[in-house]
Amino acid sequence: MADLGDPKATLHHYLQATRDDLIWKLEGLSEREARLPRTATGNNLLGVLKHCLNVEANYFGPTFDREFPTPEELVPMQAYDEDPQADWYAREDETKDGLVDLYRRVGVFADQTIEQLPLDAPGRVSWWQPGGQIVTLQQIIIHVTCDLARHAGHADVMREQHDTAIGLRRENTSLPHDHDWPAYVTKLTKLADRFE
């Protein structure tokens, strides 16, 4: 476990935990199950992972004048002109295992940025609004962790809808064991039905 008394180690710890949670939500799923749209806007578990790996590669790469070693594996910026959702789904030539592997390699790349730079290292997010583009490594670690955590929440709900796999983390679900979930849902439904 990281030395949580050190601010950089603490930030890095929570970033890594969120990455691990995203990957965990794909475990045991077939290609179809990982790609299947689960919301009205097409959100799917593999697409969430692909989006997050592109987010990390860009924030911990060009923001700090670094380039991912194999940029052709990422969604290029010009792809968004043709398809604004280009990083939210796996193409036919991409696989679940391949994208999980890519995400792990992006994590190593991002970790190198974190390890090599001090928290106050300056960076520039070119796609942010003028006047707000200058950032620090600390700000980017927090920004990316919050972004990934939001998407990990999406993955939690989508996976629960798929096969009722629930929980905060594999090793600690943070939920009551042996709970009667159908009875709980019935209770909440009855409570909601009292209102208009």
Side-chain angles (χ1 to χ4, degrees), residues 2 6-23 25-26 34-35 37 39 41-96 98-155 158:
D6 172 47
K8 185 195 263 189
T10 301
L11 293 170
H12 197 181
H13 168 79
Y14 285 103
L15 173 61
Q16 184 59 52
T18 306
R19 290 176 186 149
D20 293 342
D21 295 341
L22 279 165
I23 291 170
K25 292 300 176 176
L26 286 163
R35 295 166 178 267
T39 71
T41 56
N43 275 337
N44 61 89
L45 287 157
L46 192 54
V48 166
L49 183 93
K50 183 176 175 180
H51 171 75
C52 289
L53 74 85
N54 279 279
V55 163
E56 280 203 58
N58 283 302
Y59 277 111
F60 290 107
T63 298
F64 297 100
D65 294 322
R66 297 186 70 227
E67 184 176 0
F68 187 67
T70 54
E72 67 277 4
E73 292 185 276
L74 303 173
V75 177
M77 288 297 190
Q78 62 270 22
Y80 298 104
D81 294 335
E82 186 177 313
D83 181 358
Q85 293 294 101
D87 66 338
W88 282 99
Y89 62 93
R91 298 183 318 260
E92 190 172 352
D93 64 322
E94 296 173 317
T95 66
K96 179 184 81 161
L99 286 173
V100 168
D101 175 68
L102 177 57
Y103 190 36
R104 287 190 171 116
R105 289 185 286 122
V106 164
V108 169
F109 170 76
D111 291 349
Q112 290 168 347
T113 301
I114 294 168
E115 291 160 7
Q116 292 172 6
L117 299 175
L119 286 176
D120 63 352
R124 181 177 171 271
V125 183
S126 63
W127 56 93
W128 284 8
Q129 295 294 319
Q133 295 178 335
I134 304 304
V135 295
T136 64
L137 177 63
Q138 177 174 329
Q139 183 181 354
I140 290 303
I141 296 171
I142 293 168
H143 178 84
V144 170
T145 302
C146 289
D147 191 50
L148 297 186
R150 182 174 187 209
H151 296 311
H154 296 147
M158 289 188 284

Heavy-atom check, side chain of [X] versus side chain of [Y], under 4.5 Å:
X    : Y    : value
T113 : T63  : no
D147 : Y59  : no
Y14  : I141 : no
L45  : K96  : no
L11  : L119 : yes
L74  : L53  : yes
E56  : V144 : yes
Y89  : L46  : no

If you take all heavy atoms of [X] and [Y], which pair is closest and at what distance?
X    : Y    : answer
A34  : L26  : CB-CD2, 3.8 Å
A57  : P62  : O-CD, 3.5 Å
Q133 : W128 : NE2-O, 2.8 Å
L22  : A152 : CD2-CA, 3.7 Å
A121 : L117 : CB-CB, 3.8 Å
E73  : L102 : O-CD2, 3.5 Å

Please indicate whether E92 has more than 12 foreign heavy atoms, meaning atoms of other residues, nucleotides or ligands, lying under 6.0 Å from its CD. no

Do the charged groups of D83 and R91 touch, with an N to O distance under 4.0 Å? no

If you measure from the Lys or Arg side-chain nitrogens to the Asp or Glu carboxylate oxygens, is any gap between D21 and K25 under 4.0 Å? no

Parallel, tilted or perpendicular: ring planes of F60 versus F64, cut at 30 and 60 degrees: parallel

Is the ring pair H51/W88 parallel, tilted or perpendicular, if the boundaries are 30 and 60 degrees? parallel

Selection residues 113-141 - residue pairs positive for salt bridge (charged side-chain N to carboxylate O under 4.0 Å, His left out), sequence neighbours left out: none

Got a second to check how far [X]'s [atom1] is from [Y]'s [atom2], nearest 0.5 Å?
X    : Y    : atom1 : atom2 : value
L49  : R19  : CG    : CZ    : 11.5 Å
D111 : Q116 : CG    : CD    : 10.5 Å
Q112 : R66  : CD    : CZ    : 5.0 Å
H143 : T136 : NE2   : OG1   : 12.0 Å

Quick one: ring-ring contact (aromatic ring centres under 6.0 Å, His included) partners of Y103, sequence neighbours excluded? none

Using only atom types and a distance under 3.5 Å, with no angle test, would you say the side chain of [X] pairs donor to acceptor with the backbone of [Y]?
X    : Y    : result
R105 : F68  : no
N54  : V75  : yes
T18  : L148 : no

